[in-house]
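All of these numbers come straight from a predicted model, not from anything done at the bench.
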Amino acid sequence: MNYRLSISPLFRFRFIAMAFALLASACWAADAPAPLLKSGHPVDWWFVFKLNSKAFPECGAGVVRQCTFGGTVQDYKVFGQQFAYASSENRKLQQGGGCVGETTTDPLGATFDQVYNGTYNYLIWNDQFYDDPKIKGCTKECGSPWGHSKGMLAWNADGEGLVLQVSTPSWPASGNKQSPRKTDGNTLGCVKDNDVEVSQHFFALKLTKDDLVKVLGALQNASIVTDPANAQIVKNGGPADVQKLVKSLGVKSKATTALREELSTGVELISKPSALNVPPWQMVSSFLKGVSLRAATWWANPKIDSTTASTKIACWSKTLGKPGAVEIATTGEWDGKEIGLIGGSGPNFNHA
């Protein structure tokens, strides 16, 4: 199968009405962290796709690599930090410039910079911290039933802020320069694990306080890997109910039911617990009334098969509706070049 690159994260964009969007925007305080296209340029959301190193190697001509958030430039055999991005200002994917995540002029670097060099509360989770920080009960990685999930929340004293969902192992692993990593860097391209060889994705979304509470509940449901007692990855604060939810994280959930929440922006958030043994993209389709999906995912071993609306799925839950067709894309195209979307280790593979 060969599909053009499209956006299909677990967050689904559903824009309601302009009046509603303006009303929601008016509720966010100016001092709250927000998704940034570049320093000083906030948006409601952005999506970044880091292209793989075979089709789009390194960072482009004349770009000097730098480790803005700690670490040293790594001598990877192959790497790629070129990227495409879209946002609430322009929903069409466009080519970005420079090394993604390394400067305050790209969406990822600018958004992370305001937290890392700021005073906000934050929460980082990642099942692949690679022992910096160390997580009790895990050696290097945290496997099932921990959630295979990675990201960061940041919020102000009122609970307003952002969520940054990522697919990169070992990044981010520190939320502030006052609590740096002890044995590794904290900048893309500057960590020991080469997570910039294959394709990766990043998604940032603005949150109200009510949104933040919903996201924290979804993270708890999914058994995300974190440690509320470790200042390197958690700085707890803000409203009392937010602090209580943050303290409850870092434990394995016993939930068997997926959560679905609509956020103030109209974005739909879906959280799958480990004990719900169903294929995830078919689950997402069922929540969206059987809509057909094309997904780029970790299509490795065991293979994740494409299914039609009439395919009988052996591992399914009676709590879910009927899914539509789900096609697994194995290749994509960007700027006239074909890119591999199969999961694996090598320059033409995908982890997004």
Side-chain angles (χ1 to χ4, degrees), residues 1-3 5-6 8-10 48-60 65 67 71-84 99-102 108 125-132 135 138-151 165-173 181 183-203 224-225 274 279-281 294-306 327-335 337-352:
M1 285 169 286
N2 192 330
Y3 300 117
L5 187 60
S6 60
S8 296
L10 285 185
V48 166
F49 188 86
K50 190 205 76 66
L51 300 148
N52 73 37
S53 58
K54 179 181 180 181
F56 295 90
E58 303 187 5
C59 300
R65 298 164 68 190
C67 300
T72 57
V73 173
Q74 298 295 301
D75 187 22
Y76 303 133
K77 184 177 180 180
V78 289
F79 79 97
Q81 286 176 253
Q82 296 189 56
F83 65 100
C99 293
V100 68
E102 290 193 1
L108 185 60
W125 68 97
N126 199 309
D127 60 306
Q128 295 174 289
F129 280 126
Y130 297 144
D131 292 335
D132 189 356
I135 300 295
C138 301
T139 302
K140 192 174 181 180
E141 302 181 35
C142 298
S144 178
W146 290 109
H148 186 47
S149 178
K150 316 168 199 299
Q165 193 264 338
V166 311
S167 63
T168 39
S170 199
W171 189 89
R181 297 187 83 175
T183 63
D184 207 343
N186 199 42
T187 311
L188 283 185
C190 304
V191 298
K192 296 173 183 175
D193 177 68
N194 185 357
D195 55 13
V196 289
E197 178 180 39
V198 299
S199 299
Q200 305 283 0
H201 80 260
F202 309 88
F203 175 66
I224 54 101
V225 176
S274 178
W281 287 107
R294 289 175 178 167
T297 185
W298 183 256
W299 196 82
N301 187 24
K303 302 298 184 187
I304 301 172
D305 291 328
S306 297
E327 296 182 280
I328 305 302
T330 57
T331 61
E333 182 183 297
W334 180 252
D335 197 26
K337 297 180 181 180
E338 182 178 285
I339 55 175
L341 293 177
I342 296 175
S345 179
N348 198 35
F349 289 93
N350 173 58
H351 192 250

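None of Leu188, Val196, Val198, Asn52 except one satisfies the side chain to side chain contact (heavy atoms under 4.5 Å, CB included) rule with Phe79; the exception is Val196.
Rounding to the nearest 0.5 angstrom, the gap separating the OG atom in Ser199 from the NE2 atom in His351 is 11.0 Å. Atoms NE2 and CD1, on His148 and Ile224 in that order, are 14.5 Å from each other to the nearest 0.5 Å. With rounding to the nearest 0.5 angstrom, the SG atom of Cys138 is 6.0 Å from the CH2 atom of Trp146. The CD1 atom of Ile328 lies 11.5 Å from the CD1 atom of Ile342; values are rounded to the nearest 0.5 Å. With rounding to the nearest 0.5 Å, the separation of SG in Cys99 from CG in Leu108 is 12.0 Å. Within the model, atoms CD of Gln81 and OG of Ser53 stand 10.5 Å from one another, a figure rounded to the nearest 0.5 Å.
The minimum heavy-atom distance between Val166 and Pro172, with the atom names listed, is CG2-CD, 4.2 Å. Closest of all the heavy-atom pairs between Asn186 and Val191 is N-CG1, 4.2 Å.
You'll find the side chain of Tyr130 reaches within 4.5 Å of the side chain of Lys140, heavy atoms only. Residues Phe56 and Lys337 are in side-chain contact: their nearest non-hydrogen atoms beyond the backbone lie under 4.5 Å apart. Residues Trp171 and Asp193 are not in side-chain contact: their nearest non-hydrogen atoms beyond the backbone lie 4.5 Å or more apart. The shortest distance between side-chain heavy atoms of Thr72 and Gln74 falls below 4.5 Å. Within the 4.5 Å cutoff, side-chain heavy atoms of Asn350 are placed close to those of Phe49.
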Legend entry - Steps toward side-chain contact (heavy atoms from CB on, under 4.5 Å) verdict (Asp127, Ser149): CA-CA 6 Å; Asp127 60 306; Ser149 178; 5.6 Å; no
Inset, instruction - For the pair Glu327 and Ser306, evaluate side chain to side chain donor-acceptor pair (under 3.5 Å) and give the outcome as yes or no after the intermediate values. - result: CA-CA 5 Å; Glu327 296 182 280; Ser306 297; 5.9 Å; no
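Checked by atom type and distance alone, the side chain of Ser167 pairs as donor or acceptor with a backbone atom of His201 at under 3.5 Å. The backbone N or O of Asp195 lies less than 3.5 Å from a partner atom in the side chain of Gln200, making a donor-acceptor pair. At distances below 3.5 Å, not a single donor-acceptor pair connects side-chain atoms of Gln128 with backbone N or O atoms of Glu141. In this structure, the side chain of Arg65 does not engage the main chain of Cys190 through any donor-acceptor pair within 3.5 Å. At distances below 3.5 Å, not a single donor-acceptor pair connects side-chain atoms of Lys150 with backbone N or O atoms of Pro169. Checking side-chain atoms of Gln82 against main-chain N and O of Pro57 turns up a donor-acceptor pair under 3.5 Å. Between the side chain of Asn194 and the backbone N or O of Val78, at least one donor-acceptor pair lies under 3.5 Å.
Listed by chain and residue number, Asp132 satisfy the side-chain hydrogen bond (donor to acceptor under 3.5 Å, both in side chains) test with Thr183 (two or more places apart in sequence, or in another chain). Asp184 pairs by the salt bridge (Lys or Arg N to Asp or Glu O under 4.0 Å) definition with Arg181, not counting sequence neighbours. Partners of Pro145 by side chain to side chain contact (heavy atoms under 4.5 Å, CB included), not counting sequence neighbours, listed by chain and number: Lys252, Ser274.
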